[in-house]
Amino acid sequence: MRPTTAAAFAGIACAAVAVATAQLAAAAVAPGSAPIAAIGAAVVDAVPEPVKEFAIRTFGANDKLVLLAGIGATLAVLAAVTGVVARRRLWVGYAVLALLGGAGAAAALTRPAASLTWAVPSLAGAACGAVVLALLLRGRPDRAADPAAPGRSVDRRGVLIALAGAGVAGAAGWRLGGTSDLEDARSAVALPEPASTGPAGTGLDVEGITPYLTRNADFYRVDTALVLPRVLPEDYRLRITGRVANPMELTYQDLLDRDLAEREITISCVSNEVGGTLAGNARWLGVPLGELLAEAGPEPGADQVVSRSADGWTAGTPTAACTDGRDALVAVGMNGEPLPLEHGFPVRMIVPGLYGYVSATKWLTEIELSSFDDFDAYWVRRDWKAEAPIKTFSRIDTPKPLKTVPAGPTAVAGVAWAQQRGIARVEVRVDEGPWNEAELAPVIGNDTWRQWKWTWEAEPGRRKLEVRATDGDGAVQTEERVTPFPDGATGWHSIVLNAE
Ligand SMILES: Nc1nc2c(c(=O)[nH]1)N[C@H]1C(S)=C(S)[C@@H](COP(=O)(O)O)O[C@H]1N2
Ligand SMILES: [Mo]
């Protein structure tokens with residue numbers, strides 16, 4: 001191996017040790033304080049909206065993994081180059097380690113949930129990296145290998161030992177900082193029976209249609225959390241603060257001891273495109289938010305309910321939407337189970353009719369009564385609208401676009417939603433011909449999606465199918481295409497396919 005190559009590996013080994021020891025330290029401090037997680041989270045907060053949308057569109061649920069892998073790869077390249085340079089100028093190696101350690105610490109300290117100790121993992125990692133660098137490049141300048149410009153000789157065995165050590169420390173840190181204790185705590189929760197149960201919807205039986213209830217494992221996930229916030233039920237507190245007559249603090253058990261309501265509610269993401277799948281329908285179990293607020297007693301003018309998560313994310317919901325009698329919930333259960341970790345365990349908010357970013361705070365820890373004038377929540381600061389009711393949406397699930405179907409009777413089916421207003425009608429048309437009314441699944445209320453189905457007498461040829469819904473107020477879904485930014489997409493979903 002040429003000395004330059006060995007030096008590149010020495011650089012990578014130092015970086016690996018630094019990252020792994022930081023990971024180990026972060027397991028003791030907080031998973032979010034690990035430098036890669038912290039820098040990743042800072043990137044998520046900082047990147048402009050179009051980039052984020054591109055990432056969600058391109059990588060879907062893997063967007064977080066892609067970001068972390070990108071940071072890791074960048075770091076590896078930087079480490080290799082630094083190793084090569086440090087062979088001749090050792091101080092450059094220390095300088096880069098100091099810079100990266102500082103950057104990691106700064107990123108960690110600026111996380112909303114951070115305390116001073118969050119700087120420790122990055123700084124400790126950088127210090128360990130520096131020790132390893134000194135050890136690996138301890139050799140005297142190697143004149144024999146390169147008489148003109150001697151560089152230090154690299155301790156090649158040391159590189160292997162350092163890499164192995166980093167592997168062990170990293171694996172231990174990963175395990176200790178993992179979610180197994182949370183999974184155990186979740187399994188130990190016994191949810192009480194609901195005191196009140198809403199009506200249960202049913203599905204239409206069509207092959208390829210979105211099921212009426214979304215299984216937890218299939219439920220879409222959207223959030224800014226690169227590492228899952230860690231909230232154990234025994235440590236859990238929900239604080240109701242701000243402009244209220246009676247501030248409150250409730251434990252997880254306090255919530256379970258109250259009369260719980262179970263309701264079927266479809267939630268959806270403002271980033272959902274026309275035809276998109278960022279929505280799901282579940283049976284949510286929780287404490288009616290209106291009852292909690294009635295006890296807390298919002299002051300007049302406190303028109304915004306700011307909900308805050310364990311990792312400092314915020315959403316702002318109109319107080320009116322939490323107290324007007326709709327089924328706004330402080331939810332603990334999803335489809336008969338405690339909330340899954342990715343969906344907010346132990347406690348989240350659900351407010352029918354509003355996009356997730358203004359209502360559905362996961363890992364909920366605080367509900368602060370404020371006003372729209374006084375506070376901008378996370379996405380509002382990034383120019384999304386402060387108020388965002390869900391827009392009427394309809395989607396063709398089957399047949400799939402560009403498929404070839406046999407001519408003759410063909411089931412066309414999908415879902416439509418307009419939470420709070422309900423779905424009154426769904427229509428389908430072929431090649432911009434007359435609209436045909438679809439059959440709708442039985443209605444149970446206004447807060448869930450409704451499946452629909454229409455039997456199409458397909459004639460041979462390339463065909464375009466379009467769908468539109470009419471909400472319970474009689475408003476027909478608009479044809480006008482707008483992007484999700486700043487308050488939700490509109491437009492009719494259409495697909496093109498062949499019949500033969
Ligand atoms: N703590 C926290 N809660 C959050 C978010 C987030 O980034 N952090 N994202 C919101 C958004 S934008 C949506 S659409 C819903 C998605 O909920 P789900 O992942 O359970 O489907 O969660 C909301 N709650
Ligand atoms: Mo969202």
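Both ligands and their constituent atoms are indexed starting at 1 by order of listing.
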> Going by the atom numbers of ligand 1, which of them fall below 4.0 Å from some non-hydrogen atom of Ser309?
Replying inline: 1 (N)
>> Just to confirm my output: which protein heavy-atom neighbour is closest to atom 23 (C) of ligand 1, and how far is it?
In response: Ala360 O, 3.5 Å
>> Which option wins on minimum heavy-atom distance to atom 6 (C) of ligand 1: Leu278, Thr361, Asn216, Asp223?
In response: Asp223
> Can you tell me the protein heavy atom closest to atom 19 (O) of ligand 1 and the distance?
Replying inline: Lys362 NZ, 2.5 Å
> Which residue owns the protein heavy atom closest to atom 21 (O) of ligand 1, what's the atom, and how far is it?
Replying inline: Tyr220 O, 2.6 Å
>> As an exercise, identify every atom of ligand 1 less than 4.0 angstrom from a heavy atom of Phe219.
In response: 21 (O)
> Can you tell me if Arg450 uses its side chain to pair, donor with acceptor, with the backbone of Ala418 under 3.5 Å?
Replying inline: no
>> Just to verify, which of Trp384, Tyr355, Trp379 counts as forming a ring pair (Phe, Tyr, Trp, His ring centres under 6.0 Å) with Phe485?
In response: Trp384
>> Is the shortest side-chain heavy-atom distance between Gln419 and Phe393 below 4.5 Å?
In response: no
> Salt bridge or not for Lys362 and Asp223, using N-O below 4.0 Å?
Replying inline: yes
>> When you compare the side chain of Ile367 with that of Leu293, does any pair of heavy atoms fall below 4.5 Å?
In response: yes
>> Students should be able to answer this: which protein heavy-atom is nearest to atom 4 (C) of ligand 1, and at what distance?
In response: Trp313 CZ3, 3.5 Å
> Looking at ligand 1, does any of its N/O atoms fall within less than 3.5 Å of an N/O of Trp379?
Replying inline: no
> What residue and atom, counting heavy atoms only, is the protein's closest point to atom 17 (O) of ligand 1, and at what distance?
Replying inline: Arg348 NH2, 3.1 Å
> Among all residues two or more places apart in sequence or in another chain, which pass the side-chain hydrogen bond (donor to acceptor under 3.5 Å, both in side chains) test with Arg283?
Replying inline: Glu262, Glu264
>> What I'd like to find out is whether the side chain of Ile240 reaches to under 4.5 Å of the side chain of Leu250, using heavy atoms alone.
In response: yes
> Among protein heavy atoms, which sits nearest to atom 9 (N) of ligand 1, and what does the distance come to when rounded to 0.1 Å?
Replying inline: Val222 O, 3.3 Å
> For Thr317, which residues count as a side-chain hydrogen bond (donor to acceptor under 3.5 Å, both in side chains) partner, sequence neighbours excluded?
Replying inline: none
> Which of the atoms in ligand 1, numbered in the order shown and given with their element, are less than 4.0 Å from a heavy-atom of Cys269?
Replying inline: 14 (S)
> Should you measure from each heavy atom of Tyr357, which atoms of ligand 1 turn up under 4.0 Å away?
Replying inline: 11 (C), 12 (S)
> Does Arg111 count as lying over the ring of Trp118, i.e. NZ or CZ under 6.0 Å from the six-ring centre, within 45 degrees of the axis?
Replying inline: no
> Which residue owns the protein heavy atom closest to atom 7 (O) of ligand 1, what's the atom, and how far is it?
Replying inline: Thr224 N, 2.9 Å
> Using heavy atoms and a threshold below 4.0 Å, how should the contact between Tyr355 and ligand 1 be classified: side chain, backbone, both, or neither?
Replying inline: neither
